Structure formats: structure tokens, C-alpha cells
Amino acid sequence: MLILLPPSEGKTPAPSGAPVDLDSLVAPQLWAPRSEVLHQLRRVSAQPDALSALGVGPSLAGDVARNITLADEPAGPAAQVYTGVLYTAAHLNSLPAHARVRAHDSVLTLSALWGLVRPDDRIPAYRLSMATKLGSLGALAAYWRPHLAPILEERCAGDVMIDARSAAYANAWKPPQSASTQWVTVKAFTEINGVRKAVSHNAKHARGVLTHHLLTRTEAAPTTADEVAQAASTCDHFLDVTLRQGPGVSWTLELLVPSPTQ
């Protein structure tokens with residue numbers, strides 16, 4: 001099982017600690033592209049038009065300013081730095097011992113800056129989206145794609161990948177149709193007056209709940225799409241679970257969640 005997550009937009013800076021060590025992050029073969037993105041991010045963040053170049057508003061000027069000194073900023077576990085809705089629901093920072101081991105082996109965050117990070121990899125808080133065209137590197141999803149593909153294809157071979165990413169991050173890598181990977185995309189729905197409607201914000205929460213459930217259950221980790229659906233059906237938060245097979249190696253896991261009024 002591989003659970004592939006997006007980073008959270010909001011990030012909490014580590015209060016203290018040594019700066020990031022690129023050699024210590026998962027997939028050390030990404031050292032060179034990580035260094036190049038970090039260099040370009042620092043350069044772009046120091047420009048007068050940094051906010052528009054990074055696609056953010058004035059309220060995030062402090063985050064952009066921090067990008068300039070990222071190599072010297074305190075780093076903390078990614079599970080503590082990423083603090084958005086999905087990560088709050090996944091409780092990656094407070095897992096029991098057996099679940100922490102499973103998370104180390106089974107959870108990767110696909111990052112616009114670092115490429116890939118594990119929950120216990122130490123990183124500083126940063127501001128950068130995969131949808132960004134960053135300096136001379138251009139579109140980051142296209143930049144990362146050839147670097148991530150061989151790593152993720154090897155990791156997923158013969159296994160199941162639970163994809164909780166947003167569209168911008170999904171563009172950075174998708175399993176080839178010829179792969180032996182079973183690729184499960186997670187979507188969330190509510191039901192109002194008997195009609196199912198897709199949800200967006202609540203989808204992040206549902207994906208976080210599913211992540212926590214898959215990590216903390218005592219049964220063996222799923223290795224197929226069917227086993228993922230069976231595991232999800234035992235989570236009390238979901239009112240219904242439906243698995244739909246798509247083309248090639250793809251499946252969609254539809255999670256019916258309570259509406260905000262329930």
C-alpha cells in the first residue's frame with residue numbers, strides 16, 4: 001500500500017531545530033532537483049514581483065519572505081509542518097506505534113519543493129504550489145514528472161496506490177496504463193434529498209479520515225483496490241463505500257460522508 005498525499009496549503013513553522021538536510025529526505029536521488037527548485041524559489045521570492053510570481057496575495061507576504069532563508073529555517077517533521085484539513089483528520093503526528101511504522105513505509109507527500117517527503121522527514125515551512133511556473137524551471141508539475149516517475153513506478157509495482165492528491169499534484173505523476181499498480185483515486189460525496197453531490201472541502205477531511213483508518217487498523221495493509229474498499233467500509237465515518245473500475249489500472253473509491261447539516 002502506498003498512500004500519496006498532497007501537501008497542505010497552510011504550514012506551521014517548526015519553533016526550533018536544525019535546518020533541512022536534503023541528504024536525509026526520502027529518495028535521496030532527488031537531491032539535485034530539490035536543490036534546483038530550492039535555489040529558484042529563493043531567487044523568485046526575493047524579486048519585487050514575488051507575490052504575483054508565486055500566485056499568492058499580500059496576506060502571505062511573510063510566508064514568501066521566509067522562502068528566501070529556507071536553507072537556514074528550523075525544520076520539523078512533515079507531519080507537524082503540514083497542518084491543513086486533510087492532515088488534521090489523518091492525525092499523522094499522533095499515531096500509535098504500529099501506525100507510525102506503517103506511515104513511514106506507506107505514506108508519501110508529493111511536494112512542489114521537495115518532490116517526495118515521508119511524514120517523519122524534517123522540512124521547514126515554505127510557500128510553493130505545484131501549479132506554479134517557477135523561474136527558469138517553468139511549470140513545476142512538468143519539471144518533477146521525469147524525476148518522480150521511476151521512483152514511484154518502482155515503489156508501486158505490484159501494489160495498490162491510494163491517491164488523495166488534488167489535480168495540480170496529480171499532474172506531476174500518474175501510473176502508466178501498462179503498470180502493475182492498482183491506482184485508486186478517492187472522491188467524497190454527500191447525499192441531499194436522495195441526490196449524491198461531490199464535495200470539495202469535505203473531500204480533504206474524508207481523505208484524511210481514510211488515511212488514518214488505513215494506518216491504524218490492525219489488519220494487514222491492503223494490496224488491491226478491492227481490499228482498500230473493504231477496509232474503507234469498516235470505517236464508521238463513511239455512510240457508504242463504492243468502488244468503480246475505470247480504464248486500465250485505475251479505480252475510483254467513492255466515499256459517502258455526512259452532509260454538514262447531519
Side-chain angles (χ1 to χ4, degrees), residues 1-17 26 56 59-60 62-63 66 73-114 116-131 161-170 184-190 198-217 221 228 231-232 234-239 241 253-262:
M1 172 181 75
L2 171 65
I3 303 174
L4 200 55
L5 303 179
S8 61
E9 291 186 12
K11 302 173 184 69
T12 300
S16 61
V26 68
V56 301
S59 64
L60 297 176
D63 290 358
R66 190 188 304 114
E73 292 291 322
Q80 295 179 11
V81 173
Y82 294 135
T83 50
V85 172
L86 188 154
Y87 288 84
T88 298
H91 299 289
L92 295 181
N93 195 37
S94 57
L95 295 171
H98 79 279
R100 287 199 303 271
V101 173
R102 184 174 286 180
H104 178 86
D105 295 337
S106 304
V107 175
L108 289 173
T109 296
L110 201 154
S111 164
L113 176 52
W114 316 112
L116 297 168
V117 292
R118 290 172 300 211
D120 51 357
D121 281 349
R122 297 179 63 261
I123 59 172
Y126 61 96
R127 177 58 61 171
L128 182 64
S129 167
M130 189 65 81
M161 189 264 280
I162 299 99
D163 192 350
R165 297 173 295 166
S166 56
Y169 290 87
V184 180
T185 301
V186 182
K187 296 186 177 181
F189 296 82
T190 57
V199 296
S200 53
H201 185 73
N202 281 356
K204 295 179 181 180
H205 181 264
R207 290 166 183 156
V209 170
L210 177 65
T211 297
H212 183 78
H213 181 68
L214 293 175
L215 294 176
T216 55
R217 62 198 295 268
V228 172
T234 66
C235 180
D236 292 339
H237 181 75
F238 306 131
L239 305 177
V241 173
L253 185 68
E254 298 181 356
L255 305 174
L256 183 64
V257 300
S259 67
T261 57
Q262 287 181 289

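These numbers were taken from a predicted model, which means no experiment stands behind them.
- Contact between Lys11 and Ala125 at its shortest, heavy atoms only, is CB-CB, 4.0 Å.
- Contact of the His212 side chain with the Leu95 side chain is registered, since non-hydrogen atoms from C-beta on lie closer than 4.5 Å.
- Ring geometry, Tyr87 versus Tyr82: the interplanar angle falls from 30° to 60°, so the pair is classed tilted.
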Apply side-chain contact (heavy atoms from CB on, under 4.5 Å) to the pair His213 and Thr234, showing each step before the final yes or no. CA-CA 9 Å; His213 181 68; Thr234 66; 2.9 Å; yes
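- Under the 3.5 Å distance criterion, the side-chain polar atoms of Arg102 are matched with a main-chain donor or acceptor of Leu214.
- Residue Val26 comes nearest to Leu116 through the heavy atom pair CG1-O, 3.5 Å, listed as atom of the first residue, atom of the second, then distance.
- Of the residues listed (Leu210, Ile162, Thr185), the one engaging Leu253 in a side chain to side chain contact (heavy atoms under 4.5 Å, CB included) is Leu210, and it is the only one.
- Side chain of Thr109 to backbone of Ser111: no donor-acceptor contact under 3.5 angstrom is found.
- Contact check for Glu9 versus Arg127: side-chain heavy atoms found under the 4.5 Å cut-off.
- Residue-environment remark: NZ (Lys204) stays at or below the threshold of 12 foreign heavy atoms within 6.0 Å.
- Between Leu128 and Tyr169, the shortest heavy-atom distance links the atoms O-OH, 3.9 Å.
- Nearest heavy atoms, Ala164 versus Arg207: O-CD, 3.7 Å.
- At least one side-chain heavy atom of Arg66 sits under 4.5 Å from a side-chain heavy atom of Pro13.
- You'll find the side chain of Val209 stays beyond 4.5 Å of the side chain of Leu255, heavy atoms only.
- Looking at Leu256 and Val241, their side chains never come closer than 4.5 Å, going by heavy atoms from C-beta outward.
- The distance from atom CG of Leu92 to atom OG1 of Thr83, rounded to the nearest 0.5 Å, is 12.0 Å.
- For the pair Met130 and Leu110, the minimum side-chain heavy-atom distance is below 4.5 Å.
- Contact annotation: the side chain of Ile123 never approaches that of Leu113 to less than 4.5 Å [non-hydrogen atoms, C-beta and beyond].
- For Asp120, the side-chain hydrogen bond (donor to acceptor under 3.5 Å, both in side chains) test picks out His104, with sequence neighbours left out.
- Contact annotation: the side chain of His237 approaches that of Pro258 to within less than 4.5 Å [non-hydrogen atoms, C-beta and beyond].
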